[in-house]
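Presented below is the structure to which this report refers.
Quantities reported herein were computed from a predicted structural model and do not represent experimental measurements. We number each residue from 1, following the sequence as shown. Below, each value reflects all heavy atoms present in this structure, side chains not excepted, and no hydrogens, waters or symmetry copies.
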Amino acid sequence: MNLKMPYGISNYEKIINDGYYYVDKTMYIEKLENLPETNIMFLRPRKFGKTLFTSVLENYYDKNKKDSFEKLYGNTYIGKNPTKLKNSYCILRFNFSGINTENEETTMKGFKEKVTISIEGFTKKYGIEFYINPEQTVEGMTRSLIEAFKIQKPQEKIYIIIDE
């Protein structure tokens, strides 16, 4: 199955909206929330559903998807057993797939481009005024974004998802 998503549409959203078959793994969301650890890493081989599961998490926790919750999760375990954290975060998602890793220079250039794209999408999606300084390092850009977010959205929380 090759799913090409328009900008702003996630894998999970596309699967549900287009009526694809989905094996419900949403019971793991509740299990993840009950873990004492807050930084979680999924280590699985290629093509084992990491991107799809991170898309499920993105849609579940995204505060901007409250109106879509029933449509996206109504027939799933988590739709029938929602947690207190559903739709309560601003989602900062980094997707590092497709970076040219031919050499160090192309790898670092691709990495910076992917981070920049993610930050641009995040600031537009949540209405954060932020200037991306192309001279800044990735670490500096990310740190500056977090500081701008804290100042502009002091009552909000960020959920960071890193894919690949």
(message) Any non-hydrogen side-chain atom of Leu32 less than 4.5 Å from a side-chain atom of Leu35?
(response) yes
Let me have the donor-acceptor pairs involving side chains of residues 157-164, under 3.5 Å, with sequence neighbours excluded, atom names and distances please.
residue : atom : partner : partner atom : Å
Asp163  : OD1  : Thr51   : OG1          : 3.3
Asp163  : OD2  : Thr51   : OG1          : 2.6
Asp163  : OD2  : Arg93   : NH2          : 3.4

(request) May I ask you to say whether Lys65 pairs ionically with Glu13, meaning some side-chain N is under 4.0 Å from a carboxylate O? (result) yes
(message) Would you say CG of Asn75 has more than 12 non-hydrogen atoms from neighbouring residues, nucleotides or ligands within 6.0 angstrom?
(response) no
(message) Ignoring hydrogens, what is the shortest heavy-atom contact between Phe130 and Met141? Give both atom names and the distance.
(response) CZ-O, 3.6 Å
(request) Indicate, with yes or no, if the rings of Phe53 and Tyr12 have centres closer together than 6.0 Å. (result) no
(message) Does Asn103 have more than 12 heavy atoms from other residues, nucleotides or ligands lying within 6.0 Å of its CG?
(response) yes
(request) Scan side-chain atoms only and decide if Tyr89 and Glu58 contain a donor-acceptor pair under the 3.5 Å cut-off. (result) no
(request) Kindly indicate whether the side chain of Tyr60, heavy atoms from C-beta on, has any atom under 4.5 Å from the side chain of Thr83. (result) yes
(message) If you define the side chain from C-beta out and look only at heavy atoms, does anything of Lys125 sit under 4.5 Å from Asp62?
(response) yes
(message) Is there a side-chain contact between Phe149 and Thr123 in this structure, where contact means two heavy atoms from C-beta onward sitting under 4.5 Å apart?
(response) no
(message) Are more than 12 heavy atoms, taken from residues, nucleotides or ligands other than Glu104, located less than 6.0 Å from that residue's CD atom?
(response) no
(message) Please find the pair of heavy atoms, one from Leu92 and one from Ser118, that lie closest to each other, and give the distance.
(response) CD1-O, 4.0 Å
(request) Check whether any side-chain heavy atom of Tyr61 sits under 4.5 Å from a side-chain heavy atom of Lys86, and report yes or no. (result) no
(message) Do the side chains of Lys109 and Glu105 get close enough for a salt bridge, i.e. N-O under 4.0 angstrom?
(response) no
(message) More than 12 heavy atoms of other residues, nucleotides or ligands under 6.0 Å from CE of Met27: yes or no?
(response) yes
(request) For Ser68 and Lys71, indicate whether the former's side chain and the latter's backbone hold a donor-acceptor pair under 3.5 Å. (result) no
(request) Without swapping roles, check the side chain of Lys112 against the backbone of Gln136 for a donor-acceptor pair under 3.5 Å. (result) yes
(message) Ignoring hydrogens, what is the shortest heavy-atom contact between Gly79 and Pro82? Give both atom names and the distance.
(response) O-CD, 3.7 Å
(message) Is there a side-chain contact between Tyr73 and Lys80 in this structure, where contact means two heavy atoms from C-beta onward sitting under 4.5 Å apart?
(response) no
(request) Please work out which of the three classes, parallel, tilted or perpendicular, describes the rings of Phe122 and Tyr126, given edges at 30° and 60°. (result) tilted
(request) Determine whether more than 12 heavy atoms belonging to other residues, nucleotides or ligands lie under 6.0 Å from atom NZ of Lys153. (result) yes
